[in-house]
Amino acid sequence: METGFAALFTEIKCCSDHLLADHKLVYYMQAMTNEPATPYTPSLGFLLIDAARLMRRRFEQESRDLPMTSAQSQIIARLSRNEGIRQAGLAALLDIEPMTLCRHIDRMVAADLVERRQDPKDRRARQLFTTETARALLDPMRKRAAVVFEEAQRGLSEEERQALMACLETLVRNLSDSDAGEPPPGATSKARFKNSGKAERHTMAAEKETIR
C-alpha cells in the first residue's frame with residue numbers, strides 16, 4: 001500500500017502542476033486590477049499540491065542519512081520498477097525534460113547508483129538499470145516512506161484510507177486518459193515530449209497493482 005501511495009502522489013503532482021499556475025495567474029490579475037480578493041477556499045488542486053509538497057519535505061527530513069538526493073531517490077524508485085527502460089521513457093514517467101534527467105543519470109552513474117547498457121535491439125540506444133548499491137537503498141527508502149505515510153494518514157480509519165486510495169486512483173486515471181491525445185500541429189517540443197511518454201504513463205495502473 002505505501003509504495004502505491006507514493007506512486008499515486010508522484011503522478012498526481014505531475015498532473016496537477018498546471019493547476020497551481022492557473023491559480024497564481026488569477027491571484028496576480030486580481031492584484032494588478034485592484035479587484036477585491038475573493039475569500040480563500042482551498043481547491044482540489046491546492047490541496048493535492050500541498051499534500052504532495054509536505055509529504056516530499058517530510059520524506060527528505062526522514063532520509064537525510066541516505067547517500068542520495070530527493071530527486072535521485074525518485075529516479076531510483078521509478079527505475080527499480082522499470083528496469084531496462086530507455087532514458088526518454090523514464091523522463092516521461094517522471095515528467096521531466098530528457099536533458100534534465102540526463103544530467104541526473106550522469107551523476108548517478110558516477111555514484112554507482114545507475115548503470116547504462118546498450119540496448120540489444122538497437123545499438124544506438126541505451127537502457128537504464130539500478131545497481132546493487134541502489135537496490136540496497138530501496139528498503140531503507142520504503143521504511144522511511146512508510147513512516148511519512150502513516151503520519152500523513154493519522155486519524156483516518158482503514159476504510160477511509162482505502163477510500164482515499166480509490167479516489168486518488170480515479171483522479172489519476174481520469175487525468176491520464178485526458179492527456180493521451182496527440183499534440184496539435186505546431187505544438188512545442190516540450191508538449192511533444194510529454195505526449196511521447198503517454199504509453200509509459202498508462203502503465204501506471206498495472207505498475208501499482210504489481211507493487212502493492
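Treat the numbers as computed from the prediction; the structure is a model and nothing was measured.
Under the side chain to side chain contact (heavy atoms under 4.5 Å, CB included) criterion, Ala163 pairs with no residue at all, not counting sequence neighbours. For Arg103, the side chain to side chain contact (heavy atoms under 4.5 Å, CB included) criterion is met by Met99, Thr100, Arg107, not counting sequence neighbours. Every side chain to side chain contact (heavy atoms under 4.5 Å, CB included) that Leu156 has, sequence neighbours left out, goes to Gln153, Glu160, Arg161, Leu164. For Gln87, the side chain to side chain contact (heavy atoms under 4.5 Å, CB included) partners at least two apart in sequence or on another chain are Leu101, Cys102, Ile105, Arg116, Leu128. Arg124 pairs by the salt bridge (Lys or Arg N to Asp or Glu O under 4.0 Å) definition with Asp122, not counting sequence neighbours. Applying the side chain to side chain donor-acceptor pair (under 3.5 Å) criterion to Arg117, with sequence neighbours excluded, gives Glu115. Residues satisfying the side chain to side chain donor-acceptor pair (under 3.5 Å) criterion with Thr133, sequence neighbours excluded, are Asp112. Judged as a side chain to side chain donor-acceptor pair (under 3.5 Å), and not counting sequence neighbours, Gln72 has no contacts. Listed by chain and residue number, Arg58 satisfy the salt bridge (Lys or Arg N to Asp or Glu O under 4.0 Å) test with Glu151 (two or more places apart in sequence, or in another chain). Not counting sequence neighbours, Gln118 has no partner by the side chain to side chain donor-acceptor pair (under 3.5 Å) test.
Under the salt bridge (charged side-chain N to carboxylate O under 4.0 Å, His left out) criterion, the residue pairs touching residues 63-73 are Asp65-Arg144, with sequence neighbours excluded.
Side-chain N or O atoms of Ser73 include one that pairs as donor or acceptor with a backbone N or O of Ser70 at under 3.5 Å.
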